[in-house]
Amino acid sequence: MSEEHRETGTGWPRPGEPVRPSGPAGEPDPRPEAPDPDELSPLAPVPDESAEPAEREAVPESEPEPGAVAGGPSAARRRFSSAGAMIAVLLALLGFTLVVQFKTTSTDPTLAATREEDLVRISSDLDSRERRLRQEIELLEESQRQLRSGEQGRQAALEEATRRADELGILAGTLPAVGPGLEVRFSGPAKAVSSTRILDAVQELRGAGAEAMQIQGADGTAARIIASTYFVDGPDGALVVDGRRLTGPFTIMVIGDPATMRTALNIPGGVVASVRDGGGNVTSEDREVVEVSQLHAPIKLDHARPVS
């Protein structure tokens, strides 16, 4: 019973006042003997008990109070469940993407298929290249110290200039060269020993530290191989090198470290493997002394000039 009801002394609202149930909104009055609030309201129509059910006016349902969540807790749970499922799907896709990327970047099919002894050879090749570069650095530093030494500067400069001229002459093919190296022989059909395969072999040898090379045909015709040398397939399986026609089998004489160059040629999937796949054969023989005697005509420069 509210305070207003106690003041009137009746326990019931005055005529014309709205009914205020003491229980929560939407629940019936907890008093067991309380009459129906609709019966006490003077504004509510009194239904005719004698009328048919179809003729009675339908009482409109009350609208939800402001601030009430439509659908109640079950709708909220459904929304939370849908959001959780979507987050789980996104996390699963993210995890799958990370796994695929990790496997793709961490697996090298070329190295995985390489034998252990081939990997050791490749490592030895890299170590040899590093040693050669360090030795060259030491020589250049020593030459720099001699050039700055005062009294011996002039003589050291002359010796250094002579040494560099000899090196450039060997690289340009204008001077003969001698030293340890390999004799590499290519034999087989024209497809196996084409100009492309010979060029690949020359590039592999250069990468392995070759310092001077020449190629020779079966008839003794030879050509010096320098930076500007080109290779073209000729008729009847011949090979044209800088305009000279060579017939197979072909032999390359190369000066450099034999072990390093042999390893470069025999790398899995490299020159030797590709020639053998085409039905040809490649043999290499170590030589303590290799002579590269074929000379190349000096190249005339029309545009390049040294920087002063």
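Index from 1, following the sequence.
Among residues two or more places apart in sequence or in another chain, the side chain to side chain contact (heavy atoms under 4.5 Å, CB included) test is passed with Gln135 by none. The side chain to side chain contact (heavy atoms under 4.5 Å, CB included) search around Glu130 returns Asp127, Arg134, not counting sequence neighbours.
To the nearest 0.5 Å, atoms CD (Gln214) and CD (Glu291) are separated by 9.0 Å. Rounded to the nearest 0.5 Å, atoms CD (Glu138) and CG (Leu133) are 11.5 Å apart.
Shortest non-hydrogen contact noted between Leu182 and Val290 is N-CG2, 4.0 Å. Across all their heavy atoms, Gly278 and Pro189 have their closest contact at O-CG, 3.8 Å. Val202 and Met213 get closest at one heavy-atom pair: CG1-CE, 3.8 Å.
Applying the side-chain hydrogen bond (donor to acceptor under 3.5 Å, both in side chains) rule to pairs touching residues 262-281 yields Arg262-Asp286, sequence neighbours excluded. Within the structure, side-chain hydrogen bond (donor to acceptor under 3.5 Å, both in side chains) contacts touching residues 188-203 (residues at least two apart or in different chains) are Ser195-Asp233. Annotation: side-chain hydrogen bond (donor to acceptor under 3.5 Å, both in side chains) contacts involving residues 161-186, sequence neighbours excluded, comprise Glu160-Arg163, Arg163-Glu167, Arg164-Glu167, Glu183-Arg287. Among pairs with a residue in residues 237-255, none fulfils salt bridge (Lys or Arg N to Asp or Glu O under 4.0 Å), at least two apart in sequence or across chains. Sequence neighbours left out, not one pair with a member in residues 168-179 passes salt bridge (Lys or Arg N to Asp or Glu O under 4.0 Å).
If you chain together ILVMFWY residues whose side-chain heavy atoms come under 4.5 Å of each other, Tyr230 ends up grouped with Val232, Val240. Cluster partners of Leu171: none. The rule joins Ile, Leu, Val, Met, Phe, Trp and Tyr whenever side-chain heavy atoms lie under 4.5 Å apart, and it links nothing here. The hydrophobic cluster analysis finds Leu139 isolated: no Ile, Leu, Val, Met, Phe, Trp or Tyr side chain comes under 4.5 Å of it, directly or through other members.
Ile215 places none of its side-chain heavy atoms less than 4.5 Å from the side chain of Phe186.
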Just list the side-chain donor-acceptor pairs under 3.5 Å for residues 217-226, sequence neighbours left out, or say none.
from: Asp219; atom 1: OD1; to: Thr221; atom 2: N; distance (Å): 3.2
from: Asp219; atom 1: OD1; to: Thr221; atom 2: OG1; distance (Å): 3.3
from: Asp219; atom 1: OD2; to: Thr221; atom 2: OG1; distance (Å): 3.4
from: Arg224; atom 1: NH1; to: Leu175; atom 2: O; distance (Å): 3.1
from: Arg224; atom 1: NH1; to: Gln294; atom 2: O; distance (Å): 2.8
from: Arg224; atom 1: NH2; to: Ile170; atom 2: O; distance (Å): 3.2
from: Arg224; atom 1: NH2; to: Leu175; atom 2: O; distance (Å): 3.0

When the side chains of residues 247-259 are checked against the rest of the protein, which donor-acceptor pairs come out under 3.5 Å, sequence neighbours left out?
from: Asp257; atom 1: OD2; to: Thr260; atom 2: N; distance (Å): 3.3
from: Asp257; atom 1: OD2; to: Thr260; atom 2: OG1; distance (Å): 2.4

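Follow the hydrophobic side-chain contacts under 4.5 Å out from Val292 and you never reach Val184; the two are in separate clusters.
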